[in-house]
Amino acid sequence: MALQIYSTLTRRKENLVTLNSGKVRMYVCGPTVYDRAHIGHAMSSIVFDVIRRYLEYRGFEVQHVMNYTDVDDKVIRRARILSFEPLKLAEKYIDEYDQHLKDLNILEPTVRPRASEEIPAIIERVEELVAKGFAYSVDGDVFFEVSRDPNYGKLSGRHLDDMQAGVRIEVDERKRSPADFALWKSAKPGEPSWESPWGLGRPGWHIECSAMSARHLGDEIDIHGGGNDLIFPHHENEIAQTESLTDRAFARYWVHNGMMQLGGEAMSKSTGNVLSIEEFLEMHEADVLRLLVLNSHYRSPLSFNDEITEAAKRGLDRIKGALKPAIPGDDDSSRHPSKPLTDKASQDFIQAMDDDFNTPRALSAIYELVRGINQARDAGASQQELGVAQDKLREIAGVLGLRLTGPRGLESQASGLVELLLEIREELRESEHWALADRIRDRLSEQGVMLEDGKQGTIWHFDGQVG
RNA sequence: GGCGACGUAGCCAAGUGGUAAGGCAGGGGUCUGCAAAACCCUUAUCGCGGGUUCGAUUCCCGCCGUCGCCUCCA
């Protein structure tokens with residue numbers, strides 16, 4: 001069974017056939033950096049990170065480009081409010097986002113271009129569109145003429161006629177049609193601007209992605225991705241611009257993730273209805289966010305709330321729990337072979353992910369493996385046998401980008417003391433001094449040191465950590 | 001108004017033309033001095049009404065409800 005990807009363009013799952021066999025060129029629209037990023041941005045980055053990781057797991061070499069939009073109305077507006085240099089402000093948020101990517105265990109994209117650093121390529125692109133008659137300039141602005149593209153609307157399923165009725169926004173009178181969009185904007189005083197054939201100005205939003213995609217990946221790519229709020233007009237316009245010039249399909253697969261909602265509403269700055277990545281990571285480890293994102297399908301909208309966060313946290317603990325070592329002393333390998341278990345998990349995992357990256361189903365395979373491991377441990381499997389399955393668990397969880405680690409570093413320093421307390425407690429238990437023994441357990445638990453009494457003695461680990 | 005998506009147990013969430021994965025929470029057990037963890041058992045007539053079919057949660061139509069986009073947005 002081949003790997004299938006749902007493409008917004010055809011509204012179907014398609015077999016993945018790349019331009020160059022064994023290689024995937026993927027462009028993902030990154031954030032406009034005018035403010036702190038929220039967990040919705042994180043969701044998008046996590047989704048495409050998992051797609052990338054899985055493609056690599058399946059043997060593809062992935063070129064992953066993610067852009068930062070750093071020249072934009074919103075950046076300029078916000079910079080003015082904060083009395084900041086627009087590009088400096090953007091840079092600050094880019095640095096922040098780069099850090100978020102690391103914190104969230106997102107593989108570094110192959111290239112992270114920013115609009116401000118790609119101006120020549122963008123101008124070249126606009127010039128070409130003007131030269132070929134797809135765009136026109138007016139007073140230093142350049143617009144793409146939508147009516148020149150007979151296929152306009154094919155991605156979003158919109159028709160120009162339908163849309164005109166709905167346009168309530170003030171239309172720029174100089175445009176030949178309200179749907180025409182800016183490729184180049186003339187600069188107002190104080191705005192970041194660059195020399196161009198049309199005077200000082202800056203690129204429009206849509207053209208930057210097309211130009212950067214073409215520059216870093218070529219005129220044709222395999223996957224173009226982003227949030228589904230970008231389908232119209234952004235990606236529609238990108239298709240128009242690019243395909244008018246190349247006459248070939250810009251991207252083979254258009255992949256869009258669903259929006260994350262907060263409290264049942266779209267996350268929106270205006271209502272203060274946002275949770276920043278930073279705020280989330282102050283409360284929970286990155287794996288929690290990843291797990292809650294992956295628990296639903298990437299194309300579905302996801303309502304973020306405390307309940308699903310708590311569920312993800314517990315689910316994560318459960319997965320980590322499977323990595324606990326075998327019970328010492330019990331050692332009957334022959335009765336608990338791990339191979340059938342790991343084979344099944346592998347197979348289910350791949351089958352799920354091959355089906356348009358069905359991570360909920362993939363997680364289900366992971367949980368089945370978790371249960372299998374725990375059953376084997378309870379039944380007395382040896383560490384050697386258990387380790388095989390645990391390695392498989394780490395492997396496929398790793399494909400989803402889960403770290404499955406906890407706070408480390410303290411362990412070696414603390415272990416001596418903890419061991420000492422355990423020894424004392426063991427003697428207390430032997431002499432049935434339960435109250436004192438329980439007090440040690442309770443107080444250690446408050447410090448994040450969790451004790452588990454078993455037949456073979458007591459084992460301990462830090463809260464949330466296994467291993 | 002236009003385009004699109006969704007509606008599955010208390011919550012989250014897969015999925016199939018032949019009576020439904022997984023997780024969280026709940027209930028009952030096993031284990032334990034107690035607990036924790038783990039394991040076992042247990043909780044769904046798949047929004048409503050029609051239609052197609054031997055048979056639909058799954059296909060079609062209508063309705064109701066929720067949401068996204070149509071303007072900057074991952």
Side-chain angles (χ1 to χ4, degrees), chain A residues 8 11 28-32 34-35 37-48 66 69 72-75 77 153 156-159 161-170 179 205 225-234 236 256-261 264-269 291-292 294-297 299-303 305 307-319 321-322 324 327 348 352 355 358-368 370-371 373-379 429 432-435 437-438 441-442 445 450-455 458-459 461 466:
Chain A
T8 307
R11 301 189 187 283
V28 181
C29 289
T32 300
Y34 72 104
D35 205 345
H38 56 65
I39 52 176
H41 297 110
M43 172 181 174
S44 193
S45 287
I46 288 169
V47 162
F48 286 99
M66 187 203 79
T69 298
D72 164 272
D73 290 346
K74 281 202 285 196
V75 176
R77 198 180 316 136
S156 58
R158 279 157 220 269
H159 306 286
D161 310 337
D162 296 337
M163 286 189 299
Q164 290 178 9
V167 170
R168 285 175 206 151
I169 292 302
E170 201 177 321
W205 177 37
N228 70 11
D229 54 340
L230 299 181
I231 294 172
F232 189 90
H234 187 53
E236 193 71 71
H256 294 101
N257 64 276
M259 293 291 99
M260 183 181 274
Q261 331 234 199
E265 294 170 42
M267 270 198 255
S268 149
K269 296 287 313 174
L291 196 61
L292 82 83
L294 266 26
N295 187 46
S296 67
H297 190 84
R299 280 191 277 118
S300 302
L302 172 55
S303 286
N305 58 48
E307 256 186 299
I308 68 165
T309 306
E310 188 57 26
K313 187 178 175 326
R314 305 226 182 172
L316 182 63
D317 282 344
R318 180 168 165 75
I319 297 170
K324 284 189 281 199
I327 301 163
D348 289 350
D355 182 11
N358 193 327
T359 54
R361 226 164 84 206
L363 283 175
S364 151
I366 284 180
Y367 285 116
E368 301 268 16
V370 164
R371 186 189 303 124
I373 290 170
N374 289 334
Q375 281 170 335
R377 185 193 298 103
D378 281 2
R429 293 179 70 211
E432 303 197 356
H433 287 85
W434 305 126
D438 287 354
R441 184 175 63 199
D442 293 345
S445 157
M450 314 308 285
L451 306 190
E452 294 180 22
D453 297 326
K455 277 196 178 131
T458 302
I459 58 173
H461 61 88
V466 162

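Numbers restart at 1 for each chain; the letters A, B, ... are given by sequence-line order, proteins then strands.
- Put simply, the side chain of A:R361 and the base of B:rG22 share no donor and acceptor less than 3.5 Å apart.
- Comparing atom distances between the A:H41 side chain and each of B:rA74, B:rC12, B:rG15 picks out B:rA74 as nearest.
- Pairing for B:rC34 is absent, with no Watson-Crick or G-U wobble pair whose two atom distances lie under 3.5 Å.
- Among the nucleotides B:rA21, B:rA74, B:rG68, the one closest to the side chain of A:Q261 is B:rG68.
- Using Watson-Crick or G-U wobble geometry with both donor-acceptor distances under 3.5 Å, B:rC39 finds its partner in B:rG29.
- Distances shorter than 4.0 Å separate some side-chain N or O of A:R314 from OP1 or OP2 on B:rA25.
- When atom types are taken as modelled, the side chain of A:N305 and the backbone of A:I308 share a donor-acceptor pair closer than 3.5 angstrom.
- Taking the nucleotide of RNA chain B with the nearest heavy atom to each of A:R299 and A:G315, the more 5' of the two is matched to A:R299.
- The nucleotide whose nearest atom lies closest to any side-chain atom of A:F232 is, among B:rA13, B:rC70, B:rC34, B:rC70.
- Side-chain contact between A:V370 and A:R318 is present, with heavy atoms from C-beta onward closer than 4.5 Å.
- Pair assignment for B:rC59: B:rG51, on the basis of Watson-Crick or G-U wobble contacts that are both within less than 3.5 Å.
- What separates CZ of A:R158 from P of B:rG1 is a distance of 16 Å, to the nearest Å.
- In this structure, A:N295 and A:L291 have side chains that are not in contact, with every pair of non-hydrogen atoms separated by 4.5 Å or more.
- For A:N228 against B:rG4, no side-chain N or O and base N or O form a donor-acceptor pair under 3.5 Å.
- Smallest separation of non-hydrogen atoms from A:D348 and A:A365: CB-CB, 3.7 Å.
- For A:Y367, whose side chain is taken as the heavy atoms from C-beta onward, the closest listed nucleotide among B:rG23, B:rC70, B:rG33 is B:rG23.
- Using Watson-Crick or G-U wobble geometry with both donor-acceptor distances under 3.5 Å, B:rA9 finds no partner in any strand shown.
- In this structure, A:R318 reaches the B:rC39 phosphate: one of its side-chain N or O atoms is under 4.0 Å from OP1 or OP2.
- Remark: P of B:rG15 and CG of A:N295 are 13 Å apart, rounded to the nearest angstrom.
- Taking 4.0 angstrom as the limit, A:R371 places a side-chain polar atom (N or O) nearer than this to OP1 or OP2 of B:rG23.
- If you take CD of A:E368 and P of B:rA38, they are 16 Å apart, rounded to a whole angstrom.
- Partner assigned to B:rC3 is B:rG68, using Watson-Crick or G-U wobble distances below 3.5 angstrom.
- Pairing partner, B:rA44: none, since no Watson-Crick or wobble contact has both distances short of 3.5 Å.
- Donor-acceptor pairing under 3.5 Å, judged by distance alone, is absent between the side chain of A:D72 and the base of B:rC72.
- A straight line from CG of A:N257 to C1' of B:rA5 spans 14 Å, rounded to a whole angstrom.
- The side chain of A:E452 lies closest to B:rA36 when the candidates are B:rC70, B:rA36, B:rA74.
- The phosphate of B:rC40 has OP1 or OP2 within less than 4.0 Å of a side-chain N or O from A:Q375.
- Proximity of A:T458 to the phosphate of B:rU32: no side-chain N or O atom is located under 4.0 Å from OP1 or OP2.
- Minimum interatomic distance between A:N257 and A:M259 (heavy atoms only, all atoms of both residues): O-CE, 3.8 Å.
- Dashed line: the shortest gap from a side-chain N or O of A:S156 to OP1 or OP2 of B:rG4 is not under 4.0 Å.
- Residue A:R441 places no side-chain atom within donor-acceptor reach of the base of B:rA36, judged by atom type and a 3.5 Å distance cut-off alone.
- Which of B:rA74, B:rA37, B:rG33 sits closest to the side chain of A:K324 comes down to B:rA37.
- To the nearest 0.5 Å, the span separating CG on A:N228 from OG on A:S300 amounts to 10.0 Å.
- Rounding to whole angstrom units, NE2 of residue A:H256 and P of B:rC69 are separated by 14 Å.
- RNA chain B is contacted by both A:S296 and A:G30; A:S296 maps to the nucleotide lying nearer its 5′ end (nearest heavy atom per residue).
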